[in-house]
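Since the structure comes first, as structure tokens, the remarks are kept for the end.
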2 protein chains.
Amino acid sequence: MSHYSISELAAQFNVSTRTIRYYEEVGLLQPKRNKSGHRQFTKKEMTQLQLIFRGKKYGFNLEEIKEMVLLFEEDPTGKEQLKRTIEYGEDKIHEVSKRIQELEQMKNEMEQFLQVFHDELNQLEEE
Amino acid sequence: MSHYSISELAAQFNVSTRTIRYYEEVGLLQPKRNKSGHRQFTKKEMTQLQLIFRGKKYGFNLEEIKEMVLLFEEDPTGKEQLKRTIEYGEDKIHEVSKRIQELEQMKNEMEQFLQVFHDELNQLEEE
DNA sequence: TTTACCATTTACGTTAACGTTAAGTTCAAC
DNA sequence: GTTGAACTTAACGTTAACGTAAATGGTAAA
């Protein structure tokens with residue numbers, strides 16, 4: 001009924017249970033517990049884990065990821081709170097945009113480099 | 001005359017000299033030495049450091065970066081060698097492309113999330 | 001030639017992000 | 001009710017990527 005155990009989540013995301021417990025340890029997740037103390041995960045935590053792993057893949061460390069996860073987890077009620085959240089979120093989006101641009105530059109440079117090799121290969125094959 | 005000391009490079013790239021020595025230690029750089037054993041860096045190493053820091057910024061570890069740096073450093077002479085280098089390089093470009101795509105997806109999701117907050121803010125301000 | 005700075009190697013220290021082991025608890029099935 | 005898999009916490013271990021300290025050497029200015 002929409003509750004997952006820690007090993008189910010671990011299998012889903014192909015990580016160890018230790019990893020998930022560690023994420024709770026550092027405040028990235030706060031799963032509820034059942035009567036006997038076992039963690040109960042829901043779709044909320046699944047979504048958060050998605051964000052975490054995507055962030056990790058792109059060089060953000062857990063502290064940075066934590067900020068982003070918490071940003072989208074808390075329900076900012078009140079105008080001032082909302083405004084600050086939006087501003088912070090737009091900053092984060094800017095960071096991501098910058099990373100994308102620089103990755104594209106990196107890609108371009110790699111393509112230029114390969115072009116040289118391509119030309120050399122053509123030279124060799126024309127003989 | 002186009003030779004830089006280790007501390008000049010460190011200042012240029014805003015890292016410690018230890019970092020640069022470490023990169024040599026793990027095989028990312030192979031600077032020449034002068035008579036008294038001091039490292040002599042040239043534009044070649046400057047270019048390699050550029051690649052290294054950009055790679056780091058986007059979540060590649062030093063091992064992966066090493067592959068890429070060595071790929072573009074060695075002069076693949078001979079048709080077979082050239083072909084393999086080109087193929088490997090295209091794989092790496094593919095990886096970068098994938099990262100770009102997923103970063104863009106990440107950005108989209110963040111923008112959607114923020115849109116919700118924006119709407120809530122508008123609701124509050126219409127009253 | 002002594003001061004001072006830059007270089008060198010060696011080697012131990014540090015932090016993030018887990019891995020691993022141990023010792024105990026709970027649940028599901030038989 | 002006993003067995004076995006899955007859960008719990010606690011705590012020590014591991015690796016990458018450096019930081020830092022110590023001991024030493026070259027060189028240029030005072």
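Atoms considered below: every heavy atom in the structure, side chains included; atoms not considered: hydrogens, waters and symmetry mates. Chain A is the first sequence line, chain B the second, and so forth, proteins listed ahead of strands; every chain is numbered from 1.
- Contact between B:E45 and B:Q30 at its shortest, heavy atoms only, is OE2-O, 4.2 Å.
- Atom NZ in B:K66 sits about 14 Å away from atom C1' in D:dA17, given to the nearest Å.
- Counting to the nearest Å, the P atom of C:dC27 and the CD1 atom of A:I6 are 16 Å from each other.
- In terms of phosphate contacts, A:S5 brings a side-chain nitrogen or oxygen within less than 4.0 Å of OP1 or OP2 of D:dC7.
- Residues from residues 35-54 of chain B placing a heavy atom under 4.0 Å of any atom in DNA chain C, listed by number, are B:G37, B:H38, B:R39.
- Straight-line distance from the CG atom of A:L9 to the P atom of D:dT8: 11 Å, rounded to whole Å.
- Ion pairing of B:K92 with B:E95 is present here, as a side-chain N (NZ or NE/NH1/NH2) and a carboxylate O approach within less than 4.0 Å.
- Under the 3.5 Å distance criterion, with hydrogens and angles disregarded, a donor-acceptor pair is assigned to the side chains of B:Q105 and B:E109.
- A donor-acceptor pair shorter than 3.5 Å can be found between the side chains of A:D119 and A:Q115.
- Side-chain polar atoms of B:Q40 and B:Y4 form no donor-acceptor pair below 3.5 angstrom.
- Rounded to a whole Å, the CD1 atom of A:I65 is 8 Å from the P atom of C:dA17.
- What separates CZ of B:F13 from P of D:dC18 is a distance of 14 Å, to the nearest Å.
- Atom-to-atom, CZ of B:R33 to P of C:dA7 comes out at 12 Å; the value is rounded to the nearest Å.
- When the nearest nucleotides of DNA chain C are assigned to B:S7 and B:E25 by heavy-atom distance, the more 5′-ward of the two goes with B:S7.
- For the pair A:R54 and A:F60, the NZ or CZ position fails the cation-pi test of under 6.0 Å to the six-membered ring centre and within 45 degrees of the ring normal.
- Summarising the geometry of A:G27 relative to A:K66, their closest heavy-atom pair is O-CE, 4.0 Å, with the distance given to 0.1 Å.
- Looking only at side-chain heavy atoms (C-beta outward), A:M110 and B:M68 come within less than 4.5 Å of each other.
- The nearest whole Å value for the distance from the CG atom in A:N34 to the P atom in D:dC7 is 11 Å.
- Protein atom NZ of A:K32 is 16 Å distant from nucleotide atom P of D:dT8, rounded to whole Å.
- At the phosphate of C:dA16, neither OP1 nor OP2 sits under 4.0 Å from any side-chain N or O atom of A:K56.
- Once rounded to the nearest 0.5 Å, the distance linking CD1 of A:I65 with CG of A:L70 reads 11.5 Å.
- Contacts with DNA chain C (heavy atom under 4.0 Å) in residues 14-24 of chain A: A:S16, A:R18, A:T19, A:Y22, A:Y23, listed by number.
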